[in-house]
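The structure displayed is predicted, hence computed values, not measured ones. A, B, ... follow the sequence lines: proteins, then strands. Residue 1 opens every chain.
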There are 2 protein chains.
Amino acid sequence: MSHTLADEIRRRLGDLSPAERKVARVLLAGYPATVFETVATIAERASVSAPTVLRCASRLGFKGFPDLQAALRSELDARTASPITLYENSGSSEHSASARPEGTSDARLGAALSLVRQAVSQTFDEIAPHEFYDAVNLLSDPRRRVHVAGGRFTHLLAQYLGLHLTQFRDQVHFLPDRDVERASFLTQLARRDVTVVFDYRRYEPDKTVMAELARERGGKVIVFTDPWLSPAAAHADVVLTTQVTSDSPYDSLTPALALVESLVAAVLDRIGDEGHERMKMSESVAKRTGLI
Amino acid sequence: MSHTLADEIRRRLGDLSPAERKVARVLLAGYPATVFETVATIAERASVSAPTVLRCASRLGFKGFPDLQAALRSELDARTASPITLYENSGSSEHSASARPEGTSDARLGAALSLVRQAVSQTFDEIAPHEFYDAVNLLSDPRRRVHVAGGRFTHLLAQYLGLHLTQFRDQVHFLPDRDVERASFLTQLARRDVTVVFDYRRYEPDKTVMAELARERGGKVIVFTDPWLSPAAAHADVVLTTQVTSDSPYDSLTPALALVESLVAAVLDRIGDEGHERMKMSESVAKRTGLI
DNA sequence: AGCCAAATGTACCGTGTGTTACGTGTGGGA
DNA sequence: TCCCACACGTAACACACGGTACATTTGGCT
């Protein structure tokens with residue numbers, strides 16, 4: 001691996017014929033944008049004929065020109081990382097040291113901090129305001145029942161969201177843990193309901209089914225997912241994407257939590273006084289039952 | 001003129017129809033590579049028809065789909081930057097309020113973002129490295145059983161920590177929900193055990209009791225709490241304080257989660273190869289039981 | 001319920017694409 | 001001088017691409 005397409009072109013520049021070399025220079029000069037131009041355009045820029053561009057591509061070892069473009073595309077996105085492979089890549093370098101000097105944990109915290117800050121910032125920057133406010137509106141509508149569901153780790157986010165919503169609105173339901181209960185839960189999805197699904201890789205098929213089902217029943221669907229988009233996103237009315245980068249093999253849910261908290265805050269804001277009433281009420285109930 | 005094509009798409013996401021929005025999301029998810037795919041391919045990825053992709057492009061103000069691609073191309077070579085720097089520009093260091101001119105819709109998110117960033121930073125800055133490191137050591141010790149417990153909201157953090165630890169070490173136990181089980185849980189606390197308690201205001205008396213009990217039995221106690229310090233902190237060997245400021249009536253647990261994730265990462269790092277073994281094993285078990 | 005408008009998919013078309021086959025030119029070796 | 005291999009351009013082609021007109025469905029409103 002290791003080599004980028006540009007490096008590869010530079011390396012094999014010597015094997016090319018003069019006219020082909022002109023093509024390669026044009027490609028490198030405008031890298032990576034030029035690669036996505038049409039063959040004819042590139043040919044014109046390099047002052048050669050179209051077939052020369054083709055020959056250049058094939059001599060570089062590509063099946064055709066689209067093949068070369070595809071190679072660059074897949075180089076541009078950095079996906080395909082399962083927790084295991086991440087672990088194997090990262091851990092190898094400085095592993096053996098057993099007794100860590102004091103500074104190390106400090107360094108770890110510092111590195112983690114900047115990663116988290118970056119991830120949270122990017123997440124919030126990339127949230128389309130419209131999506132966020134659609135979600136707020138849906139969750140603020142008292143006539144809609146709310147269902148929340150999450151996966152292996154993310155069910156905790158679902159519960160967190162649900163717990164907060166419960167504080168100031170009715171009809172918040174959690175996806176049960178056990179299969180039998182889940183079935184009856186899913187049959188109860190109705191029109192006007194809004195379903196919130198957390199689905200991060202590895203995506204869980206039942207989340208997609210759930211979203212699809214909720215949609216078919218005429219309900220609205222909100223999906224929290226990572227930048228690679230859960231398949232459930234296909235059936236969603238609102239998709240909220242959060243970054244997951246971290247310095248460990250596991251995805252970070254911190255940006256997701258931050259977004260959930262903002263969502264809760266916005267919903268509370270939106271519901272306003274009614275919500276306040278309910279908060280007070282639930283507090284007094286809690287006091288009388290001695291739960292506080 | 002908004003700055004990058006991605007920003008422009010996000011901004012106008014609201015003007016798009018649902019199916020068109022799916023297209024936009026696919027474009028953003030694989031940005032910038034996906035934009036150079038063919039219309040048909042993108043349509044398939046977004047689970048819509050090709051014309052929808054076309055309509056999406058034209059509604060975004062482009063003359064045709066090639067026009068959109070051309071726009072991205074000229075954006076790519078405008079900045080000599082690599083695709084990665086396209087992201088990093090968006091939200092790195094100084095993010096004071098004026099960075100987002102978008103108006104009311106963004107105001108909430110913008111404000112929330114800077115609050116969160118502030119809170120996370122302060123939290124990490126104020127963590128004493130040796131406390132963190134002590135916690136890592138305690139949780140990395142395979143001879144110690146680990147017990148986790150949390151409150152009304154924070155039990156989710158406890159579970160999150162526990163779930164992760166379970167991935168690469170044995171003997172992780174969760175404080176049960178029901179009272180009777182709790183009793184027996186508490187009686188089982190033994191020497192050498194380490195108990196992790198999350199206690200944020202309003203502090204819950206049983207958490208303090210639990211910490212005290214664990215200490216008496218000769219175990220170690222780690223307490224996560226807010227800056228006003230839970231009474232349980234009095235019986236703790238390690239106290240990890242996290243900020244809770246937010247723009248809603250509720251405390252934010254985002255900094256706490258970020259710290260938990262860092263802790264998990266550090267423990268995993270510390271345990272090293274053994275943990276790696278266990279991760280692989282648990283993956284294979286999960287596969288065989290069809291849980292993935 | 002029933003209508004209307006927007007949204008979306010289906011079927012089809014023209015065109016520009018990448019590609020191939022072939023012809024022309026050029027340089028080096030007897 | 002002839003020859004031949006190689007480099008390159010020209011021309012023609014198949015096809016898949018983006019684009020459009022129209023049918024169908026959806027969803028909101030009265």
For nucleotides 8-11 of chain C, which of its nitrogen or oxygen atoms have a protein nitrogen or oxygen under 3.5 Å away, and what is each distance?
{"unit_1": "dT8(C)", "atom_1": "OP1", "unit_2": "Ala19(B)", "atom_2": "N", "d": "2.9"}
{"unit_1": "dT8(C)", "atom_1": "OP2", "unit_2": "Ser17(B)", "atom_2": "OG", "d": "2.0"}
{"unit_1": "dG9(C)", "atom_1": "OP2", "unit_2": "Ser49(B)", "atom_2": "N", "d": "3.2"}
{"unit_1": "dG9(C)", "atom_1": "OP2", "unit_2": "Ser49(B)", "atom_2": "OG", "d": "3.2"}
{"unit_1": "dG9(C)", "atom_1": "OP2", "unit_2": "Thr52(B)", "atom_2": "OG1", "d": "2.9"}
{"unit_1": "dG9(C)", "atom_1": "N7", "unit_2": "Arg55(B)", "atom_2": "NH2", "d": "3.2"}

Strictly under 3.5 Å: I want the nitrogen or oxygen pairs between protein and nucleotides 14-18 of chain C, one per line.
{"unit_1": "dG18(C)", "atom_1": "OP1", "unit_2": "Val39(A)", "atom_2": "N", "d": "3.0"}
{"unit_1": "dG18(C)", "atom_1": "OP2", "unit_2": "Val39(A)", "atom_2": "N", "d": "2.8"}

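Under the salt bridge (charged side-chain N to carboxylate O under 4.0 Å, His left out) criterion, Asp177(A) pairs with no residue, sequence neighbours left out. Partners of Arg59(A) according to the side chain to side chain donor-acceptor pair (under 3.5 Å) rule, which considers only residues two or more places apart in sequence or in another chain, are Glu20(A). Partners of Asp226(A) according to the salt bridge (charged side-chain N to carboxylate O under 4.0 Å, His left out) rule, which considers only residues two or more places apart in sequence or in another chain, do not exist here. Applying the side chain to side chain donor-acceptor pair (under 3.5 Å) test to Arg55(B) and every residue at least two apart in sequence or in another chain returns nothing. Scored by the side chain to side chain donor-acceptor pair (under 3.5 Å) test, Thr154(A) finds no partners at all (sequence neighbours excluded).
Evaluation of the salt bridge (Lys or Arg N to Asp or Glu O under 4.0 Å) test over residues 35-50 of chain A, restricted to residues two or more places apart or in two chains, returns Glu37(A)-Arg45(A), Glu37(A)-Arg73(B). Listed by first and then second residue, the side chain to side chain donor-acceptor pair (under 3.5 Å) pairs involving residues 208-219 of chain A are Arg215(A)-Asp237(A) (not counting sequence neighbours).
In this structure, the CG atom of Asp15(B) is 16 Å from the P atom of dA6(C), given to the nearest Å.
When DNA chain D is scanned in the 5' to 3' direction for atoms under 4.0 Å from non-hydrogen atoms of chain B, the outermost contacting nucleotides are dC17(D) to dT20(D).
Base pairing in DNA chain D gives the following stems of 3 or more Watson-Crick or G-U pairs, range against range and under 3.5 Å: C:1-30 with D:1-30.
Distance check, rounded to the nearest 0.5 Å: CE of Met210(A) to NE2 of His147(A) gives 7.5 Å.
Classification of Asp141(A) and Lys220(A) as a salt-bridged pair fails, no side-chain N sitting under 4.0 Å from a carboxylate O.
A heavy atom closer than 4.0 Å to some atom of DNA chain C occurs in no member of residues 212-222 of chain A.
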